[in-house]
Amino acid sequence: MSKKYKDIDNENLNMAEMIRQDSTKIEKCAVDEEIIGQIRSYETPKRNVYKVISAVAVCAVLCMTIFAWKNIGLQTDDHFKNINVNETTVSLYSDKNAKVAGSYSEIEKKINKIFGDGSQFARDEKDVVKKSKGTSDNLEAVADIAEKEYSQTNKQTENVDESDVVKTDGKYIYALSYQTDDSIKNQSKKYEGCYDVCWVGNRYKLTITAVDGKRMEKVSSINIESKEVKVFDNLEMYISGDTLILAGGYLKNKKESEISTCIFIYDISDRKHIKLKNVNVQDGSYSNSRLSDGYLYTISNYSFYTNYAKDRIPKINGKKMNYECVYLPEKIENEWPEYTIITALDIHKSNDFKSEISILGGVNNIYVSQSNIYLLNINCETEDITDTKKGKQILQAQRNKKKYRVEKTCDYTKILKYSYKDGAINYVAATKISGWVDDQLSLDEKDGYLRMVTHINNITSTNLYRTHYDAKNKKKERELVESLDNEEIESWNDVYVLGNDLEQVASIKKLAKNEEIYSARFLGDYGYFVSFENTDPLFTIDFTDMKHPKVIGKLKMPGYSDYLQFYREDLLFGIGQDGDEKGNISGIKLDMYNVENGKATLKTKQVLKEYDYTEAFYNYKSILIDSKKELIGFYAEKNSGSYETNYLLYTYRNNKFKKFLEIPIGQYVDKVRGLYIGEYFYIVNPDRKIYAIDLTKYKKVSEIKIK
């Protein structure tokens, strides 16, 4: 008996799937992304099926041929400069937590199932940000500057650079500032209803200053703009040789879908004449980025569930992402309908991204090790515990106990792990851990393990609901009618060790009950974290045996440390706020702990009573800590109410903090940075001035206006 077309179609699907699986060994397959979809949706005579199969086979052979040529060493840029094939892509790996999308329609079905049949989505494929030429001013530069030792941006992971508003390469200081442009501000009606109206009127300027000791000269400055992009937010930069990179968000008009992430690549080989080389754009608001081994990895969040969203599929440089670069989680709970996108850009061949990957779901924070990117999304989930022993005890006091439900709500953190190397980004694993992390410093990777500390909040409540049918989404909805005033809150902190596939290897539960995490840091075999309620317990965790971590120290002091950083391998520095035994907070305190034998003991403490705020509390890029130069520098605001701000320069010698410098830098200042080049220290206020300090005399010797 002859086979029916449907039977042939099923065989073709199996063949196509085998070809697709084999092609995962190839770094980038040139197969038309719609071919598999055509086979799946086959409804035409079988001769067309044969044509489709032939096309798949031909493309597969072509890809395998390219793969073979590459592996026998014949591929060069000259040989393949006319072939439009990206050299790197994601691996098509799936697990129980997430799977690679098999088609665009599969993505649409997943979205409709989770979030409902959303709003109006136009299919506009033409919106591409055009590249434009930069502008520059010609200013005379200081020449022939000798190589000197210089500081770099404070970062979490060695050899993984982080962006900031101030950078130096030892010869020049690069400062990125923004100012309000009234001409744009007056056009605010154009941007009425946009995502963040405070953007309107912000214009960024990049200034390059040549420095040689106390001699400083402004070389050039440019306004950051293009013909298509006028309004920016949260721009920060990287410097790599003669390349300058800017990354941040931009807004073209009032439509919320226009919020995207923009990456500018500049040629600064001639510092007097800065040239814009390329502009690359990815959908979604800018979240974060890292620079490693010449590749920029940029993360953005693309929200598609709005009246203005153009498409449910993210676009990269105006082109819809390949569906095989989109991961679909098994479950998406309590999350805003959005994608998290990661791109990789070769900063030396920056005309297009080398690879991209996205997953359906949001992200709150990131941690990047030397080989992996971890995306963190904090949410909460509610469990019905009415029929448990605790639930029944709570309902004993209620007359109409049958109408109520006892529920426990707790926080959890969803973790997604991606490997990265040479521009390739590959999904590795996903998991869910109880509690939330304070920031990325609460995580650390060592020897293939991820160690972390989380804070747990468990809230037990008694609620009354009514159920109604939502005709629009065609499903039942629960509506809260009453919540009894008997809420019970429990909180504590847990330590976890996760394996390569994010499986739980070990844990320490219920540390520091009713206290929140304020800071954490890891080094070698030990981890340290600070919790706080009335006093500051500094916990020491021994990770010598990753499968059996243990608490070996708990040091209690008044106040707390908001930030921890190793001054040396045997010394741990902390900055935070001082307090009394009752938990009353005042002043800024500096702590130095001896951690030579793992367990932390306090060596010295200094309280700055006249100050109450510093950006270093929440942004480690604003503080400079260098044991070789014996320098600790940060800016702080006085508690007088006048917003008077000084830059403070300390050293740590002979087991004591010593203040070397205290320089007024004005009122209402923001994002001030300190750096050193050779024997000079520079205080950079991007919106105003640069101050030069002679480190041999600890005295201000010059200053220059840069804006």
Side-chain angles (χ1 to χ4, degrees), residues 129-148 150 152-153 161 163-179 181 183-184 202-232 235-248 250 262-281 289 291 294 296 345-352 673 675 677 682 684-690 692 702-707:
V129 172
K130 297 178 181 179
K131 299 171 184 178
S132 63
K133 296 181 179 180
T135 59
S136 61
D137 297 322
N138 294 328
L139 295 175
E140 188 173 349
V142 177
D144 300 327
I145 303 174
E147 294 288 341
K148 298 182 179 70
Y150 59 91
Q152 298 182 8
T153 298
D161 198 10
S163 60
D164 201 6
V165 295
V166 174
K167 293 280 187 177
T168 185
D169 56 11
K171 298 179 181 180
Y172 300 90
I173 293 175
Y174 307 83
L176 191 61
S177 64
Y178 72 88
Q179 60 185 353
D181 189 323
S183 65
I184 298 179
N202 285 356
R203 174 162 290 178
Y204 280 80
K205 177 178 284 189
L206 172 68
T207 303
I208 301 179
T209 304
V211 292
D212 183 12
K214 68 179 182 179
R215 295 171 57 217
M216 297 184 289
E217 184 173 351
K218 186 175 174 181
V219 174
S220 61
S221 65
I222 61 169
N223 291 322
I224 307 302
E225 63 181 17
S226 74
K227 292 180 181 179
E228 296 291 329
V229 181
K230 293 294 184 183
V231 183
F232 295 90
L235 277 182
E236 291 189 334
M237 66 178 152
Y238 297 89
I239 301 293
S240 179
D242 289 332
T243 300
L244 183 145
I245 306 105
L246 294 180
Y250 80 91
C262 199
I263 301 168
F264 288 80
I265 305 292
Y266 289 90
D267 179 354
I268 55 171
S269 54
D270 182 353
R271 265 63 174 184
K272 291 191 292 185
H273 302 92
I274 308 168
K275 296 180 181 179
L276 179 60
K277 291 175 60 179
N278 294 110
V279 179
N280 288 279
V281 174
S289 62
L291 181 63
L296 180 70
L345 180 70
D346 184 339
I347 64 172
H348 303 298
K349 299 177 182 178
S350 57
N351 60 311
D352 200 359
R673 300 291 183 261
L675 58 93
I677 302 173
Y682 300 91
V684 185
N685 181 348
D687 294 328
R688 300 179 189 178
K689 294 181 179 181
I690 301 178
S702 63
E703 62 182 63
I704 184 174
K705 289 184 178 181
I706 58 173
K707 186 173 179 180

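All values derive from a computational prediction rather than experimental measurement. The residues of the chain are indexed from 1 along the displayed sequence. Values below: every heavy atom of this structure, side chains too, minus hydrogens, waters and symmetry copies.
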Considering all heavy atoms of both residues, which atom of [X] and which atom of [Y] are nearest to each other, and what is their separation?
{"X": "Leu291", "Y": "Gly294", "value": "CD1-C, 4.3 Å"}
{"X": "Leu246", "Y": "Met237", "value": "CD2-CB, 3.4 Å"}
{"X": "Met216", "Y": "Ala692", "value": "CE-CB, 4.0 Å"}
{"X": "Pro686", "Y": "Ser177", "value": "O-CB, 3.1 Å"}
{"X": "Ser289", "Y": "Tyr238", "value": "OG-OH, 2.8 Å"}
{"X": "Leu276", "Y": "Ile265", "value": "CD1-O, 3.5 Å"}

Taking the six-membered ring for Trp, are Phe264 and Tyr266 parallel (under 30°), tilted (30 to 60°) or perpendicular (over 60°)?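 Parallel, since the angle between the ring planes stays under 30°.
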
Using salt bridge (Lys or Arg N to Asp or Glu O under 4.0 Å) as the criterion, list what pairs up with [X], not counting sequence neighbours.
{"X": "Asp242", "value": "Arg271"}
{"X": "Asp687", "value": "Lys707"}
{"X": "Lys205", "value": "none"}

Looking at residues at least two apart in the chain, or sitting in another chain, which of them share a side-chain hydrogen bond (donor to acceptor under 3.5 Å, both in side chains) with Ser269? Asp267

Listed partners of Tyr150 passing side chain to side chain contact (heavy atoms under 4.5 Å, CB included), at least two apart: Gln152, Thr168, Ile677

Asp164: side chain to side chain contact (heavy atoms under 4.5 Å, CB included) partners, not counting sequence neighbours: Thr153, Lys167, Glu236, Lys621, Arg673

Is there a side-chain contact between [X] and [Y] (heavy atoms, below 4.5 Å)?
{"X": "Lys171", "Y": "Val211", "answer": "no"}
{"X": "Val166", "Y": "Leu675", "answer": "yes"}
{"X": "Ile263", "Y": "Val279", "answer": "no"}

To the nearest 0.5 Å, tell me how far [X] [atom1] sits from [Y] [atom2].
{"X": "Leu244", "Y": "Leu176", "atom1": "CG", "atom2": "CG", "value": "8.5 Å"}
{"X": "Ile173", "Y": "Ile208", "atom1": "CD1", "atom2": "CD1", "value": "11.5 Å"}
{"X": "Ile274", "Y": "Ser221", "atom1": "CD1", "atom2": "OG", "value": "7.5 Å"}
{"X": "Ser163", "Y": "Ile239", "atom1": "OG", "atom2": "CD1", "value": "11.5 Å"}
{"X": "Lys277", "Y": "Ile245", "atom1": "NZ", "atom2": "CD1", "value": "9.5 Å"}
{"X": "Asn278", "Y": "Asn351", "atom1": "CG", "atom2": "CG", "value": "6.0 Å"}

Check whether Asp169 reaches the backbone of Tyr172 with its side chain - one donor and one acceptor, N or O, closer than 3.5 Å.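 A pair under 3.5 Å: yes.
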
If you apply the rule side-chain contact (heavy atoms from CB on, under 4.5 Å), what do you find for Leu206 with Ile224, and how did you get there? CA-CA 7 Å; Leu206 172 68; Ile224 307 302; 4.0 Å; yes

Step-by-step side-chain contact (heavy atoms from CB on, under 4.5 Å) determination, Glu703 to Ile690: CA-CA 6 Å; Glu703 62 182 63; Ile690 301 178; over 6 Å; no

